[in-house]
Amino acid sequence: MPRERVVHPAVLIAYVLLALAANSSAATAAHWTVVHQPASLVNGTPVLFRVTTPKPVHTLSGKWLGHEIAFSFDAGRKSWFALAGVSLETKPGSYAIDLQAETTAGPTIAFEKKIRVHHQRYPRRVVPLAVPGHFTAPSPEDLRQIEQDKETKVEVFKTVSPEREWTGSFAAPVDAEISDVFGSVRVFNGSAQRPHEGLDFRVPSGTSVAAVNSGRVILARPMFFEGNWVVIDHGQGLLTLYLHLSKFSVKEGDEVSKGQPIGLSGGTGRATGPHLHLAVRWQGVYVNPQVLLQLKLP
Ligand SMILES: [Zn+2]
């Protein structure tokens with residue numbers, strides 16, 4: 001016969017309190033979640049943040065690495081999404097993202113999470129100098145054009161449109177092999193150049209080049225170094241750049257959709273031969289186009 005167990009009333013009360021506590025914490029289990037893609041971040045990467053808030057909110061903004069991050073709400077996924085970027089110069093370390101949200105009930109809520117950035121080594125290659133002479137020794141007329149281009153670039157690169165225009169994952173602009181990766185350092189005559197700020201596709205002249213996502217053409221004109229150049233604004237500080245084109249199929253102000261032809265590839269400007277140089281800028285920072293093309297986006 002099992003002996004009847006006598007439970008002290010104080011123990012019973014403790015059990016009841018524990019059960020109540022467990023219950024109430026289950027009821028308020030809602031908390032902030034902050035996840036990012038890629039899972040491991042490095043200098044030079046674009047990044048997609050996905051945030052859920054403990055309460056319904058109608059705005060969410062963030063600060064990270066000195067940039068303002070604009071989030072947009074995806075009702076289907078009940079999450080806030082934003083694209084951001086880490087500059088090539090960012091040192092490895094932990095960088096807090098500060099999130100602020102206005103709840104639908106009124107009060108502002110905030111959250112901070114440390115995000116780790118790891119160090120990425122990019123390739124270094126010694127290459128022969130093979131661009132035409134006037135690019136290394138520009139004439140006075142070339143210099144005037146270079147100055148004017150510089151001003152144009154400063155203006156264009158300032159663009160931060162409030163609305164997000166991209167939807168879904170980004171698509172490659174051409175179907176071709178990569179001839180040079182982002183971040184590589186080319187060494188001419190023993191001196192290291194600035195890191196390669198884009199991704200080169202090996203395409204012959206005359207290949208159709210497509211917009212990697214939806215947006216608005218904010219630049220389509222010939223430039224001294226970039227050659228025939230198209231810049232698409234995808235909103236919230238994200239721009240894509242297409243260099244050395246032989247022909248434009250769009251003009252400044254045009255709205256383009258993902259996959260729409262914007263021109264033909266070529267070798268105009270400072271190029272050693274026909275290829276497509278695709279670059280991605282987020283709020284003044286060049287990020288790796290290859291990573292952007294791999295992100296699974298809402
Ligand atoms: Zn390039």
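First listed ligand is number 1; within each ligand, the first listed atom is number 1.
Looking at K113 and D98, no side-chain N of the basic residue comes within less than 4.0 Å of a carboxylate O on the acidic one, giving no salt bridge. The residues R50 and D74 are annotated as not salt-bridged, no charged nitrogen and carboxylate oxygen being separated by less than 4.0 angstrom.
Between F49 and W80, the distance from one ring center to the other does not fall under 6.0 angstrom.
Of all N, O or S atoms in D200, the one lying closest to the Zn ion (ligand 1) is OD1. The Zn ion (ligand 1) lies closest to atom ND1 when only the N/O/S atoms of H277 are considered.
Exactly one of H244, R270, H277, K153 qualifies for a side-chain hydrogen bond (donor to acceptor under 3.5 Å, both in side chains) with E226. That residue is K153.
Taking 2.8 Å as the criterion, H275 does not count as a coordinating residue of the Zn ion (ligand 1), since none of its N, O or S atoms falls below it.
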